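Before I ask anything, here is the structure I am working with.
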Amino acid sequence: MVSLLSGVILGVAAVGHSALDGVRLQGAGATFPNPLYQRWAAEYQKLHPGVKIDYESIGSGGGIKGITEKTVDFAGSDAPLSAAQLAQMGGSANVVEFPACAGSVVPAYNLPGVSSLNFSGEVLAEIYIGVISTWDDPKIAALNPGAALPALAITPAWRSDGSGTTYIFTKYLAAQSVLFSRSIGTGKQVQWPVGQGGKGNDGVAAIVQQTAGSIGYMEQNYASANHIAFGAVRNRDGEFVKASTGSAALAGESAAESLSGSILAADLWNRPGTGVYPIASFTYLIVYKDLSNLGDPDGARALARFFWWATHDGQAVATELGYAPLSPAVRTRVEAALRELTFRGRALGLPGK
Amino acid sequence: MTTAVQSSPRTFGRGDAVLGLAARGSALCILGMLAALALVLLAAALPSIRTFGVGFLLSTDWRPNEIVGAGLDAAGNEVEVVSPPSFGGLAVIYGTVVSSALALVVAVPLSLGAALFLVRVAPRLRLAGVLSFLVEFLAAIPSIAFGIWGLFVLAPFLQHVVEPGLKSLLGDVPGLGWLFTGTLNIAGEVVTRPIPLTGRDMLCGGLILAIMVLPIITAVSRDVLRAVPRMQIEGTLALGATWWQSCAAMLRYGRAGLFGAIMLGLARAAGETMAVTMVIGNNNQIEPSPFAPAQTMSSLLANEFAEASDGLHRAALLEVALILLVMSLAINILARSLIVGGGPRAAAAH
């Protein structure tokens, strides 16, 4: 019934758009960019009614599993492919991995009477290890001269489910504190010694909103959308920077130099530069370089053009939803990578240089 | 008319055979599904069973990531030491047992009281129908609704009213200090600190579970008590028993069935997932205080399964699921045998 209906709809659409009709593309993966990908899919379908894009936010791990087993056409992941995962997909010669946008992780807090706070990587690490346990700790006071810090216990909140957000946050903290890297380590899920876990961004947000004295890490756009206060973090140049789409995009810009080829992955935490937010990261889209797994050339062409649109016109939507857009230098490299996409060895007709 | 009567025995005979086969097939099908479930879980959990053995049941470690630390090799040179991921189920088994026990402590007296009321008092007041319906309705509320209520109503109430009240009342009582302090392992050093009272803790998990198991314990207890022969009650009253004494005799008569009802509640509490996940704090730790966050087996699965892409992590989660299945099965078999097959009295009570 559904397929019959969509057949009728696609048939009607075929009148206006002859080249890319009746195409259905399936993606799966990271939850963090899910709102953006859903909007992209909807906007793109408005422009190209024959192309239907479905994205299932099942988590980065699930997305990578799906693309490796070729059960989905493209995958989204917050962490870049590991060397082993890349090898399972046939090595870097067979894969295109590129950033779709950037995001940042913020230390959100609930501290009655305190409207702005500064953090540093070491202080955040020590809070999450449990070394710093009250808000009036001298190390916090030193970063916040003049702030009236209460003698309140700190309740650190973290993600109880595996998450790219945890991956980014622990990577940053481990880079800032030897104690953290040796006692907690990094990963999508770690064993936190103190505090409590919430499932999903909303679980962490609920803990922070309900508990005076709590601190929790979450995506900046989530904190902003829910009006949860978050602190500035000291960057590599010693400035205190609050996360924004601008300061995260600067982090991406500073990594552009290190991007080349078809695997465009770079760590964005603790990048140097003025105004750069230090806990930022790209979120990636992953496809096979030769899209013959899609089965038909129209599908391959549609996917390549969707990616092109998403990393160009689609970036305005990203900014609107609180994701950091790709800077021009990064986008140039994404363009080069997307031009490498083929279907059975044939180029897909993306705009030239 | 007559032909229909004449032909009816043959039709019925064939129908009997078909129904008999269908019923047998369905029963076997259900058994087969259970066996398949257990086998699949066992097979999927094998990597974890092989790696950790019995130690899985004794370890509280639950670390899905590897840690690269510094150490010394045999010659005394500083080298990188990689600690591989490590899994143990003790903390979540503890969480499940304690939260379920807490739930029963709260729910059993309430349920038995409600069941007695439904059987002995409500009929006289013509309330039995309405109240029974309401109790059964409580069982039909989806788990997530309890979870949201727990997270946004119960937990803040515990956090702002109950727990600070208890702390100011009991905090200075000698011997009760453990209620409000916890031990932490901070980078290898064990320290004792006051537990921040957040309302999302073992207590809240236990209370949510209590509310969720109330309907099943009440409904089964009501049926058990209703089945107590009228002569038993009239006999006690004839011997001069007070209302309370006759109720006690009634409870004593149905005790095997009532115990079964409680076990059914326990099985539900042990397997309950979403609501607990939302209010228990999700920290894999063993803390004696009910005010510390904890984790149950099912909440662990709800939290971690979706993103557990690493083989051993997945296997360890499936081993937890297997343990949960075996536990629930054992509790259910015990409960059923008490209600249905537990001697003539229990049989009468059903």
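Atom set for the values below is all heavy atoms of this structure, side chains included, hydrogens, waters and symmetry mates excluded. Proteins get letters first, then strands, A, B, ... in listed order; numbering begins at 1 in each. Computed from a prediction, not measured in an experiment: that's the story for all the values here.
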Considering only heavy atoms, which portion of A:Ser214 lies under 4.5 Å from any heavy atom of chain B: side chain, backbone, both, or neither?
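Neither part, no heavy atoms under 4.5 Å.
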
>> Side chains of A:Gln189 and B:Arg63, heavy atoms from C-beta outward: is any pair under 4.5 Å?
In response: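 Side-chain contact under 4.5 Å: no.
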
Q.
Would you compute the distance between atom CD1 of A:Ile129 and atom CD of B:Glu189 and round it to the nearest 0.5 angstrom?
A.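 One gets 12.0 Å once the value is rounded to the nearest 0.5 Å.
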
Query - Check against side chain to side chain contact (heavy atoms under 4.5 Å, CB included), A:Asp161 and B:Glu304 - result: CA-CA 5 Å; A:Asp161 49 337; B:Glu304 302 196 353; over 6 Å; no

* Heavy atoms only, distances under 4.5 angstrom: which of A:Ile184, A:Ile154, A:Ile58, A:Thr155 has the most pairs with chain B? Name it, please. =>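 The answer is A:Ile184.
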
Side chain / backbone / both / neither for B:Asn284 at chain A, heavy atoms under 4.5 Å: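 Looking at B:Asn284, nothing touches chain A.
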
message = Counting heavy-atom pairs under 4.5 Å with chain B, which one of A:Gly198, A:Gly200, A:Gly61, A:Gly197 comes out on top?
response =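 Top option by heavy-atom pairs under 4.5 Å: A:Gly197.
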
Worksheet entry | Atom group of B:Phe305 that falls short of 4.5 Å from chain A, counting heavy atoms |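 No part of B:Phe305 comes within 4.5 Å of chain A.
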
Can you say whether B:Leu184 sits under 4.5 Å from chain A via the side chain, the backbone, both, or neither, judging by heavy atoms?
->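 It is the side chain, since no backbone atom gets that close.
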
- request: Quick one: which of A:Ala212, A:Ser133, A:Ala206 has the most heavy-atom pairs under 4.5 Å with chain B, could you say?
  value: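 Maximum pair count with chain B is reached by A:Ser133.
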
Where A:Val194 and B:Asn283 come nearest, the two heavy atoms and their spacing
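In this case the closest contact between A:Val194 and B:Asn283 is C-ND2, 4.4 Å.
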
Checklist line | Residue pair A:Gln210 / B:Phe152: nearest heavy atoms and the distance that separates them | finding: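 For A:Gln210 and B:Phe152, the tightest heavy-atom pair comes out as NE2-CD2, 3.5 Å.
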
Worksheet item: Are side-chain heavy atoms of B:Arg200 and A:Ile207 found at a separation under 4.5 Å?
Response: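 Result yes, sub-4.5 Å side-chain heavy-atom pair found.
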
Which atoms form the tightest heavy-atom contact between A:Lys199 and B:Asn282, and what is the distance?
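Here A:Lys199 and B:Asn282 meet closest at N-ND2, 4.4 Å.
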
**Item:** Segment of B:Gln295 engaging chain A (4.5 angstrom heavy-atom cut-off)
**Value:**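 Neither part; nothing is under 4.5 Å.
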
What do the steps show when you test B:Asn65 against A:Tyr167 for side chain to side chain contact (heavy atoms under 4.5 Å, CB included), and what is the final call?
-> CA-CA 10 Å; B:Asn65 65 323; A:Tyr167 173 84; over 6 Å; no

Check: A:Gly185, A:Gly59, A:Gly130: which one forms the most heavy-atom pairs within less than 4.5 Å of chain B?
Finding: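 If we count pairs closer than 4.5 Å to chain B, A:Gly130 comes out on top.
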
request  = Would you mind telling me which of A:Ser160, A:Gly187, A:Gly195 has the largest number of heavy-atom pairs within less than 4.5 Å of chain B?
outcome  =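 Looking at each option in turn, the highest pair count goes to A:Ser160.
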
Tell me the closest heavy-atom pair linking B:Ile67 and A:Arg182, and the distance in Å.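 What the structure gives for the nearest pair is CG2-O, 3.1 Å.
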
With a 6.0 Å cut-off (strictly less than), is the heavy-atom count around CD of A:Glu69, excluding the residue itself, greater than 12?
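More than 12 within 6.0 Å, yes.
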
